[in-house]
Structure formats: structure tokens, C-alpha cells
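To start, the structure itself, in C-alpha cells.
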Amino acid sequence: MAADQEQEQRRRLLDVASRFPLPSGCRFSYGTAGFRADGATMAPAVCRAGILAALRSVKLAGAAVGIVITASHNPIGDNGVKIADPDGGMMDQQWEPFADALANAPDPDALLQMVLQFVKDEGIPLGGHHTAQVLLGRDTRPTGEYLLDAALQGINAIVGAHAIDMGILTTPQLHWMVWSKNKGTKASESDYFTQLINSFRRMLELLPKDKGGYELAKKLIVDGANGIGGVKLEQMKAELSGLDIIVRNSGKEGEGILNHLCGADFVQKERVTPHGFGPEDVGVRCASLDGDADRLVYFQMSSSSDNKVDLVDGDKILSLFALFIREQLDVINNNGSQVDKSLPARLGIVQTAYANGASTQFLKGLGLEVVFTPTGVKYLHKKALEYDIGIYFEANGHGTVVFSEDFISQLESLSNDLSSQAANCSAQYHAAMRLMAATQLINQAVGDALSGLLLVEAILQYKRWSFQNWCELYSDLPSRQLKVKVVDRSSIVTTDAETKVSQPSSLQELIDKETANYTQGRCFVRPSGTEDVVRVYAEASTQVEADSLAKSVAHHVERLLG
Ligand SMILES: CC(=O)N[C@H]1[C@@H](OP(=O)(O)O)O[C@H](CO)[C@@H](O)[C@@H]1O
Ligand SMILES: [Mg+2]
């Protein structure tokens, strides 16, 4: 870097750091999904995330990097920031220690030295020909605009960096935009809508015509968590043929508070209807998004006498996707085809320890390969990329299906071969086209409630399944999740994809001892990466037993660490 440019770079960093001093006693940690805290305290961390995102883009030869300002399903007063890598996925974990250090740099000088050292260690060509590009998106939280400004100031502190504010978006929209931009394909919000609407229409055009039987009701009520997902769905729904979508908790003025008594996290954890639903909705298929629309669950009220729901969580959405994809592959590969071509595909299912044990058993029973990672999409997505087709979901409803480039090009070539022959009305051709449409419909960058919802709807129509058919795929084992406040949650260290505690070792012995008392008992504890709590998860053959197992283990955690 030329001397005058270097001077300018130093000046800008010192300047921005002094504008956003770190309040004393504040400590940020990148966690499961970026930095999260009370929105009013987040500006220093968001500004520094801006610096980091710009550096990441320079390092990667000017490829677009993303910043999302959101705290997802957390209360409206919270906010957060996370960085998307050029492939649209979460930021490479190797940069997380630097993200932590930068966010906690105590003063401007320390921050400057830290950046200069990191730039040197990583060989980041500051001031070279690469400029940085950072796309920004935020959700509907009141602190969003203020934090956007902090992020912009951080980005602009890197010489040559260029920030593009994409506006108020769902988290997956921003990830999709980053992914598309770096692929050189159209990346605006209207391109996103067009891709979803067109691929959903294609899925419906490919429905088998002669199946008869159950016809899925068009009516679908969607709980938008009073967040951004409902707003976007309202924009898109008129163009979704074959569906009559009603959005509740839509985020409109006066309808309710973001994530308060509504949204996917609430419905999945409480198993009751969200705010705004009542006895008139009994028997209607309903879906629930979280505040930034990267989680999706389905539910239905079966009785008007209480507000309990039958829940279809991420595990069952995953199972539906797996069944559909496997079916298409089977048709393509085993169908005594007219074209002597097959489509070899390694299909992998990725879950976390929170997946209901009944779902894992169901998937394994289908002969599918099921693997586990620690909690957090950053782990699941990465693992899913190891397969030709990787399907991953967290039980809470965050997940997607990723197709390898190699698989997509083989699928394209197979479809071309089949379409140019008399085979183009064959079952094999239709299965290939359905898979092709699915690769377009389901977000390849990250879990996306809107694209996931459309794929679910298309598959239910394809299979001629009611909500009840889907729900009854298998019965969830009763489970219970508890949170325990302890002095220092980081004193718990886990292993084996978080299913075992390695420290303190006495805790694992106690968990094993308790679990042995229950039929089909399973229990694990781990420190949350987004909240200052230890989470306890327990499963057993009855709800009373699951509750009791969770409670006794929570008690041990409190006693040992409280
Ligand atoms: C049990 C649970 O639901 N944990 C959630 C939660 O992480 P924790 O590290 O458990 O706080 O938030 C993450 C980000 O949204 C999500 O990926 C994860 O699944
Ligand atoms: Mg979310």
C-alpha cells in the first residue's frame, strides 16, 4: 500500500473506533449465529462487523460478502449481526476468533493494531486493486436503521470498500443475493421472487395428472411472527397459483409485537397456537415463520376446546423432503428406462442432537445416511455440502436442501437427453424435471422459510397428502427443553456432536445415571451460543418422564455450576 494510502487507512480506523467506543464491561462473542445482545448496545459490535466484512471481501478478491442485522426469533429489543460468506453461507469459522477479538478491542489503538496484524497474517491486499463489496440487509426491528448506519461506517473505514444497502429483507433473501451476485446471476429482490414463483409454478405443472384421491385444500394460514417474512409473503402471494394464503401476525402496524406469543420458535417450543389463531381455524393447515423468516414449522389445531396444536417441526419437513427426493431418484434410476442413463447421487441427511429420536429412527429405517453435527446452521450446512444432495434441518425449522454443482450439471444433461427423445413424457423425464425445479425453488445458500414453505406445499400436492398424513409419518417421542442460568456456561465442554459432556466429567456420569432410569431416555446439556444459559434436552417414552428427566438433570447442572 502506498504510504499516503496507508496513512489514510490508519486514520479511518482510528476515527471509526473512536466514534463507537466499547462500553465498559461489554463482552461480545460471535456465538452460534453472530453477535447478539440488547439492540441499544450493539453499535460497536456491528460497526466492527462492518470492518470485518469489508476485510473478508478484500481477502476474497472483491467477492461480495453479506451483513445481516437481525436477532431472529429473539425479543424485539434485541438485535444482532452476522456475516455471510461469498457462497451465501455463514462466515468461515476460521475468522470467528478474529471477529471476537475485534468486537472486544478495548480502544481505537488496540483495534488499529489488531487489524494491521490480522491483515499482515492473512495476507489481505489492502490498497491493492481489489475493492470490497458488502451487501447489507436488516429485519424490521426498531434498532435496525441505527445499526445499519454503524455497519456502513465500519465498512467505509476500509479504503476501497463499497457498501450496498439492500433494504429490509428476510435473512435468507440477503444470503441468496450474496450467493447469486457471486455466481454472476441476477440478484435483486424481484429476481428472488421471480425465481420462487416460477419454480413453484413448474413444480405444480409437473404434478401427476391421473392420481386421483385426496386434494389438498388451497387455504393456508401463515403466522408471520410480526416480522419481515409475512411482509414478503404478502408481496408474493398473489402470484402463487394454486394457493390461498392468509397471513396473520403480518407485521402490519397494530397487529402485534415481533416474536411475542407468535412465530416458529414459540409454536415449536410451546406447542400451542400463536396469537391471533382461534377455534375457527381448527382443521386448517397453518405454518409459522420466525422473525427473520429463516425458520419454518407447520401446525394444525385438532380441537376447539384448547389451543394445543399438532406440530410438524423441522425434522418432519426434512423427512418430507427426503421422501420426495428419494422417490424422484428411484424413478430416474430404477424405472426400466427408455434411456440407458442413471443419475448416481449420494444423498445425506444432516441433523443435530435436538432432532427427535423418532425422526432419526424413521430416516434410518428408510435406509438413508444420517449424520450429526453440533447445533448451528454453520455446521449443518457445511456437512450437507459433502453430499451430491444434502438435506439438513434443525428441529426448530431451519434447514434446506443443497445440490452439488456436479449433480446439477448431470441432472441438466440427463433432462436434455430425455427431452430430446420420445421419452420426454416418461415418468423418468418428469422426475428429472421435478428435481430440477426443486433445485431452483429451495434456497441453496441457507434455510429459507418462504422457499421451504413453497416446496412443502408442492410436495404435499404431489403426494396427495393432507396435513394429517404428513403429521402421522411417525410419532415424535415426548421431549422437554429447559434453560438453566449458571455462573459461567463456558465451563461446560461437550463432545460427540454435543451429545456428551466432557467437562465437568462428573456431570456426564450424573446424566447417564439419570437417563438409565427412563424407557427410551435420552438427555444432553450444552451451553447456548445465543443466550446466557445452559440448555437441557430430554426425551423419553412419556411426557411425564421426559419432563422429569429434564428436571433432574437441570437440577444437577444448577448444583454443580450454579
Ligand atoms: C436449541 C435451539 O433451538 N438452538 C438454536 C439457538 O442456538 P443456541 O446455541 O442453542 O442458543 O439459536 C441458533 C440460531 O438461531 C439456532 O441455530 C439453534 O438451533
Ligand atoms: Mg431466524
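Look at Glu369 and Arg346 and you find a salt bridge, because one of the NZ, NE, NH1 or NH2 atoms lies within 4.0 Å of a carboxylate O, short of that distance. Salt bridge status for Lys219 with Asp281: absent, with no side-chain N to carboxylate O gap under 4.0 Å. Contact check on Lys463 versus Glu327 returns a salt bridge, with a Lys/Arg side-chain nitrogen under 4.0 Å from an Asp/Glu carboxylate oxygen. Between Arg36 and Asp78 there is no salt bridge, since no side-chain nitrogen of the basic residue lies less than 4.0 Å from a carboxylate oxygen of the acidic one. The existence of a salt bridge linking Glu270 and Lys308 is excluded, since no basic side-chain nitrogen approaches an acidic carboxylate oxygen closer than 4.0 Å. For Arg535 and Glu531, the salt-bridge test passes: some basic side-chain N is under 4.0 Å from an acidic carboxylate O.
Counting heavy atoms from C-beta outward, Leu169 and Met177 have side chains that approach closer than 4.5 Å. Under the 4.5 Å side-chain criterion, counting only non-hydrogen atoms from C-beta, Leu311 is in contact with Val267. Here the side chains of Leu347 and Arg326 are in contact, with some heavy-atom distance below 4.5 Å. Side-chain contact check for Glu96 versus Ser29: every heavy-atom pair is 4.5 Å or farther apart. The shortest side-chain heavy-atom distance between Leu455 and Phe200 does not fall under the 4.5 Å cut-off. No side-chain heavy atom of Val456 sits less than 4.5 Å from a side-chain heavy atom of Leu453. Annotation: side chain of Tyr379 is not in contact with side chain of Thr352 (no heavy-atom distance under 4.5 Å). Between Thr439 and Leu435 there is no side-chain heavy-atom pair separated by less than 4.5 Å.
Using a distance-only test at 3.5 Å, with no hydrogens or angles considered, a donor-acceptor pair links the side chain of Arg248 to the main chain of Gly276. Looking only at distances, a side-chain donor or acceptor of Ser57 sits under 3.5 Å from a matching main-chain atom of Ala63. Side-chain N or O atoms of Ser288 include one that pairs as donor or acceptor with a backbone N or O of Ala264 at under 3.5 Å. Formation of a donor-acceptor pair under 3.5 Å by the Asp290 side chain with backbone atoms of Arg295 is found in this model. In this structure, Asp315 contributes its side chain and Asn356 its backbone to a donor-acceptor pair below 3.5 Å. No donor-acceptor distance shorter than 3.5 angstrom exists from the side chain of Asn198 to the backbone of Arg201, with no hydrogens or angles considered. Using modelled atom types, one side-chain atom of Asp223 and one backbone atom of Gly263 make a donor-acceptor pair closer than 3.5 Å. Judged purely by atom type and a 3.5 angstrom limit, His175 uses its side chain to pair as donor or acceptor with the backbone of Gly88. Side-chain atoms of Gln300 do not come within 3.5 Å of backbone N or O of Cys471 as any donor-acceptor pair. Asn182 contributes a side-chain N or O that, together with a main-chain N or O of Pro86, makes up a donor-acceptor pair within less than 3.5 Å.
Stacking of Lys181 on the aromatic ring of Trp179 is not recorded, the 6.0 Å distance cut-off and the 45° axial limit not both being met. For the pair Lys383 and Phe372, the cation does not sit on the ring face, since its NZ or CZ is not both under 6.0 Å from the ring centre and inside 45° of the axis.
From Asp87, atom CG reaches atom CG of Asp92 across 9.0 Å, with rounding to the nearest 0.5 Å.
Side-chain polar atoms of Glu457 and Tyr462 form no donor-acceptor pair below 3.5 angstrom. Under 3.5 Å, the side chains of Asp294 and Thr171 contain no donor-acceptor pair of N or O atoms. Asp191 and Thr194 share no donor-acceptor pair across their side chains, judged by distance under 3.5 Å alone. Side-chain N/O atoms of Gln351 and Thr360 include a donor and acceptor closer than 3.5 Å. Side-chain atoms of Tyr537 and Glu539 include a donor-acceptor pair closer than 3.5 Å. Remark: the Glu255 side chain and the Ser250 side chain contain an N/O donor-acceptor pair separated by less than 3.5 Å. For the residue pair Ser451 / Asn443, no side-chain donor-acceptor distance below 3.5 Å is found, with atom types taken as modelled. Residues Glu394 and Thr375 bring no donor and acceptor atom of their side chains to less than 3.5 Å of each other. Counted by atom type alone, Arg526 and Tyr354 present one or more donor-acceptor pairs between their side chains at under 3.5 Å. Residues Asp448 and Tyr192 have side chains that bring a donor and an acceptor to within less than 3.5 angstrom of each other.
Scanning both residues, Met436 and Ser415, for their nearest heavy atoms gives CE-OG, 4.1 Å. Nearest heavy atoms, Leu473 versus Ser319: CD2-CB, 3.8 Å. Taking both residues in full, the closest heavy atoms of Phe524 and Glu498 are given as CD1-O, 3.5 Å, listed atom of the first, atom of the second, then distance. Nearest heavy atoms, Val446 versus Tyr392: CA-OH, 3.9 Å. Nearest heavy atom pair, residue Leu289 against residue Ala449, reads CD2-CB, 3.7 Å. Nearest heavy-atom pair, Leu380 versus Pro374, reported as atom, atom and distance to 0.1 Å: CD1-O, 4.4 Å.
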Derivation and outcome, side chain to side chain donor-acceptor pair (under 3.5 Å), residues Thr170 and Asp292: CA-CA 5 Å; Thr170 71; Asp292 63 337; over 6 Å; no
Side chain to side chain contact (heavy atoms under 4.5 Å, CB included) assessment of Ile164 paired with Gln133: CA-CA 7 Å; Ile164 310 171; Gln133 262 189 98; 4.1 Å; yes
Side chain to side chain donor-acceptor pair (under 3.5 Å) assessment of Ser466 paired with Asn469: CA-CA 5 Å; Ser466 65; Asn469 293 141; 3.2 Å; yes
Chi angles and distances behind the side chain to side chain contact (heavy atoms under 4.5 Å, CB included) call for His381, Val402: CA-CA 8 Å; His381 190 91; Val402 286; 3.6 Å; yes
Stepwise side chain to side chain contact (heavy atoms under 4.5 Å, CB included) test for Ile67 and Val81: CA-CA 7 Å; Ile67 286 189; Val81 63; 3.7 Å; yes
Working for side chain to side chain contact (heavy atoms under 4.5 Å, CB included), residues Phe403 and Ile442: CA-CA 10 Å; Phe403 299 88; Ile442 193 81; 3.9 Å; yes
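A centroid separation of 6.0 Å or more is found between the aromatic rings of His398 and Phe393.
Counting heavy atoms of neighbouring residues, nucleotides and ligands inside a 6.0 Å radius, atom CD of Glu239 does not exceed 12 of them.
Classified by interplanar angle (parallel below 30°, tilted 30° to 60°, perpendicular above 60°), the ring pair Trp470/Phe467 is perpendicular.
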